> 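Encoded as structure tokens, here's the structure I'll be asking about.
All values below were derived from every heavy atom in this structure, side-chain atoms included, with hydrogens, water molecules and symmetry-related copies excluded. The model shown is predicted, which means the values in this text are computed figures rather than measured ones.
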Amino acid sequence: MDKERNKTAFISDLLGSFAAIFTTAFLVLSLVVMLVTRHSPYIQDISALFAFGSAGISYSIIFQIAGFSFILAIIKVFLFSELFFVKMRFLWRTFLLFLATVLTFSIFAVIFNWFQVNEPLTWLGFFISTSVCFSVSFCLTLLKLKLEGRKYDKLLANYKARKGKNDM
């Protein structure tokens, strides 16, 4: 019974992670495409991501983002599941996820020609934007965990207070 529950938890975590990563990646990509093609129409000749310009994103790019999101979801669930790395610190898990994100995105960028891979400034922009986005995400996650911790501490204190009154 426990194995079935673990499988279900793994699959639901995987699907939830995939949905979150895909949605975020697609919305950010859509915003970037809108902004870049509006202010730099010449970019359509440089990257496959911007091929249709302000007309939209191609289906092949959507499926590439879905594949990228699925791979990252697998890595995320693998790294943050207590089944695989029981004693690894949260900071190390996050750092490994960052490295996996950079590596996966780099592979996809090269294979699918997401940007000009022979341009050092393009890679610099990629690393800076990825680091900034990852840092913001990490800070928001820490804030969420801290707020949840406070909430559960209050609930525990209330429970102990009620339990103490009932014992008298």
Side-chain angles (χ1 to χ4, degrees), residues 7-85 88-148:
K7 274 187 193 177
T8 306
F10 179 81
I11 291 172
S12 65
D13 286 348
L14 180 63
L15 292 175
S17 293
F18 168 74
I21 293 168
F22 178 73
T23 303
T24 304
F26 190 74
L27 290 174
V28 167
L29 179 64
S30 298
L31 180 66
V32 168
V33 168
M34 286 178 4
L35 292 173
V36 169
T37 56
R38 180 178 201 143
H39 298 292
S40 304
Y42 68 89
I43 197 81
Q44 295 175 20
D45 302 328
I46 295 175
S47 172
L49 293 173
F50 308 109
F52 289 114
S54 58
I57 299 172
S58 71
Y59 289 115
S60 64
I61 297 295
I62 293 170
F63 284 117
Q64 291 168 19
I65 297 295
F68 170 76
S69 301
F70 188 71
I71 291 170
L72 278 186
I74 290 171
I75 293 168
K76 180 184 176 281
V77 170
F78 180 74
L79 282 174
F80 288 92
S81 171
E82 296 298 324
L83 298 173
F84 300 108
F85 296 112
M88 186 181 286
R89 292 184 170 267
F90 180 74
L91 187 61
W92 280 110
R93 293 173 195 246
T94 305
F95 181 70
L96 288 175
L97 182 61
F98 174 74
L99 291 179
T101 302
V102 169
L103 179 66
T104 306
F105 192 93
S106 299
I107 291 169
F108 271 71
V110 170
I111 292 173
F112 296 114
N113 196 28
W114 283 357
F115 53 79
Q116 291 182 333
V117 294
N118 56 351
E119 291 287 330
L121 284 177
T122 305
W123 283 105
L124 180 65
F126 159 68
F127 287 121
I128 289 172
S129 62
T130 303
S131 299
V132 167
C133 289
F134 212 87
S135 298
V136 168
S137 175
F138 181 69
C139 289
L140 289 174
T141 301
L142 287 180
L143 179 65
K144 177 185 171 226
L145 290 174
K146 190 171 197 159
L147 292 174
E148 284 178 352

> Which heavy-atom pair separates Met88 from Arg93 by the least distance, and what is that distance?
O-NE, 2.9 Å

> Is the closest side-chain heavy-atom distance between Phe126 and Ser106 below 4.5 Å?
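The answer is yes, as the side chains (C-beta and beyond) meet within the 4.5 Å cut-off.
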
> Relative to each other, are the rings of Phe138 and Phe90 parallel, tilted or perpendicular (30° and 60° limits)?
parallel

> May I ask you to check whether over 12 heavy atoms, not counting those of Phe80, lie within 6.0 Å of atom CZ?
yes

> Nearest 0.5 Å, please: how far is CG in Leu72 from CD1 in Ile65?
10.0 Å

> Between Phe134 and Leu97, is any pair of side-chain heavy atoms under 4.5 Å apart?
yes

> Evaluate the side-chain proximity of Phe98 to Thr130: yes if any heavy-atom separation is below 4.5 Å, no if none is.
yes

> Give me the atom names and distance for the closest heavy-atom approach of Phe22 to Ile62.
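Taking Phe22 first and Ile62 second, the nearest heavy atoms are CE1-O, 3.7 Å.
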
> Check the surroundings of atom CZ in Phe127: do more than 12 heavy atoms from other residues, nucleotides or ligands lie under 6.0 Å from it?
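Atom CZ in Phe127 is packed in, count exceeds 12.
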
> Can you tell me how far the CG atom of Asp13 sits from the CD1 atom of Ile74, to the nearest 0.5 Å?
13.0 Å

> Distance from Lys76 atom NZ to Ser81 atom OG, nearest 0.5 Å?
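Here the rounded value is 10.5 Å.
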
> Measure the spacing between CD1 of Ile21 and CD1 of Ile75 and express it to the nearest 0.5 Å.
9.0 Å

> How far does CD1 of Ile107 sit from CH2 of Trp114, to the nearest 0.5 angstrom?
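It is 11.0 Å, given to the nearest 0.5 Å.
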
> Which pair of non-hydrogen atoms, one from Ser17 and one from Val77, has the smallest distance, and what is that distance?
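The answer is OG-CG2, 3.7 Å.
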
> Could you walk me through whether Phe108 and Thr104 pass side-chain contact (heavy atoms from CB on, under 4.5 Å), step by step?
CA-CA 6 Å; Phe108 271 71; Thr104 306; 4.0 Å; yes

> Quick one: pull up CD1 in Ile111 and CZ in Phe68 and give me the separation to the nearest 0.5 Å.
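If we round to the nearest 0.5 Å, Ile111:CD1 and Phe68:CZ are 12.0 Å apart.
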
> Flag the pair Thr141 / Thr94 as yes when at least one side-chain heavy-atom distance between them is below 4.5 Å, and no otherwise.
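Side-chain contact under 4.5 Å: no.
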
> State, to 0.1 Å, how close Thr23 and Ala19 come at their nearest heavy-atom pair, and which atoms those are.
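Between these two residues, the closest heavy atoms are OG1-O, 2.7 Å.
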
